[in-house]
Amino acid sequence: MATKSLARQQMLGRLFIYSALLLLALYYLMPLWVMVTTSLKPLDEIYSGSFIGLPQAITFEAWSKAWSGACIGTECTGLRPYFVNSIMMVVPAVLLSTGLGALNGYVLTKWRFKGANLVFGMMLFGCFLPYQAVILPMAQVLGRLGLSGSIPGLVLVHTVYGICFTSLFFRNYFITIPDELTKAAQIDGAGFFRIFLSIMLPAALPIIVVSCIWQFTQVWNDFLFGVSFTSGSDTPITVALNNIVNVTTGRKQYNVDMASAMIAAIPTLLVYVVAGRYFVRGLTAGAVKG
């Protein structure tokens, strides 16, 4: 009798937990549902119906217009050129910040020098600097380098700002790798870069994935740096999306706005859908090593 009562309590407990999780999932997925359904509706249906309901007639006209025909300022080019700008920005920024962060973490853990803890502390402090605090210094530096208002300048900004985070990731991961590995490699004649390339990087694949996902998300979704350090046709997709949504003539084109938002969000959504589990594994890998 007691066993049946306990089983019933466990079943009710699971039912409560799953119901709560389902409600929370529905709550957080509702904006995505509204975006998708609205983007697939004709404009007349949106104005005569609701945002939440399914479309009566599915159409991808809004997606086509958002991609290649929506007006951004005086140019009706859609998001396509700005999507390319974001790709040109995010790929080198992620690779550079991850590579430099890996090198910093390697030096701070396996080639320690006097003042290493102070240097790491200063890098850690950089993680807490808000974007607004670095806008003016960054603008002055970009102006002196002749990179103002350009994609390469934005790459430099995101690389410098991201190094603090990537260095933290790799330092905390590399510190769990036994020093005996590097000492044995030194005895065998391996140098600084040979140890880094042949031992440390292959062992750091989980944290490399974490760093790339983190930086990709931060750089792709950034708006403040994009609107501050670029202009005109060199702006990233987040700035172009803001211009599409906030600049409207005639009736508000909700379907085009939602399609534009989905286009801008798809890369980060795909990254987390495809590599989300590796992100979690990478974050926990350093905690369970050694």
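Residues: numbered from 1 along the sequence shown. Keep in mind the model is a prediction, meaning the values are calculated, not measured.
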Do Met262 and Val36 come within less than 4.5 Å of each other through their side chains, counting heavy atoms only? yes

Please check if Val256 and Val239 belong to a single hydrophobic cluster, counting links between Ile, Leu, Val, Met, Phe, Trp and Tyr side chain heavy atoms closer than 4.5 Å. no

Report yes or no: is the SG-SG distance between Cys71 and Cys76 under 2.5 Å? yes

Would you say that Met138 contacts Val160 through its side chain, given a criterion of any heavy-atom pair below 4.5 Å between the two side chains? yes

Between Gln253 and Lys65, is there a side-chain donor-acceptor contact under 3.5 Å, judged purely by atom types and distance? yes

Measure from the side-chain N and O atoms of Ser148 to the backbone N and O of Gly143, and report whether any donor-acceptor pair falls under 3.5 Å. yes

Residue pairs, two or more places apart or on separate chains, that pass ring pair (Phe, Tyr, Trp, His ring centres under 6.0 Å) and touch residues 68-93: Trp67-Phe83, Phe83-Trp220

Ignoring hydrogens and geometry beyond distance, is a side-chain donor-acceptor pair present between Arg171 and Ser167 at under 3.5 Å? no

Donor-acceptor side-chain pairing of Ser211 and Thr98 below 3.5 angstrom: yes

Kindly indicate, with the supporting measurements, whether the criterion ring pair (Phe, Tyr, Trp, His ring centres under 6.0 Å) is fulfilled by Tyr106 and Phe170. CA-CA 7 Å; Tyr106 169 55; Phe170 281 97; over 10 Å; no

Qualifying residue for side-chain contact (heavy atoms from CB on, under 4.5 Å) with Ile163, from Leu100, Leu103, Leu96, Leu168: Leu100

Would you find a donor on one side and an acceptor on the other, under 3.5 Å apart, between the side chain of Asn85 and the backbone of Thr235? yes

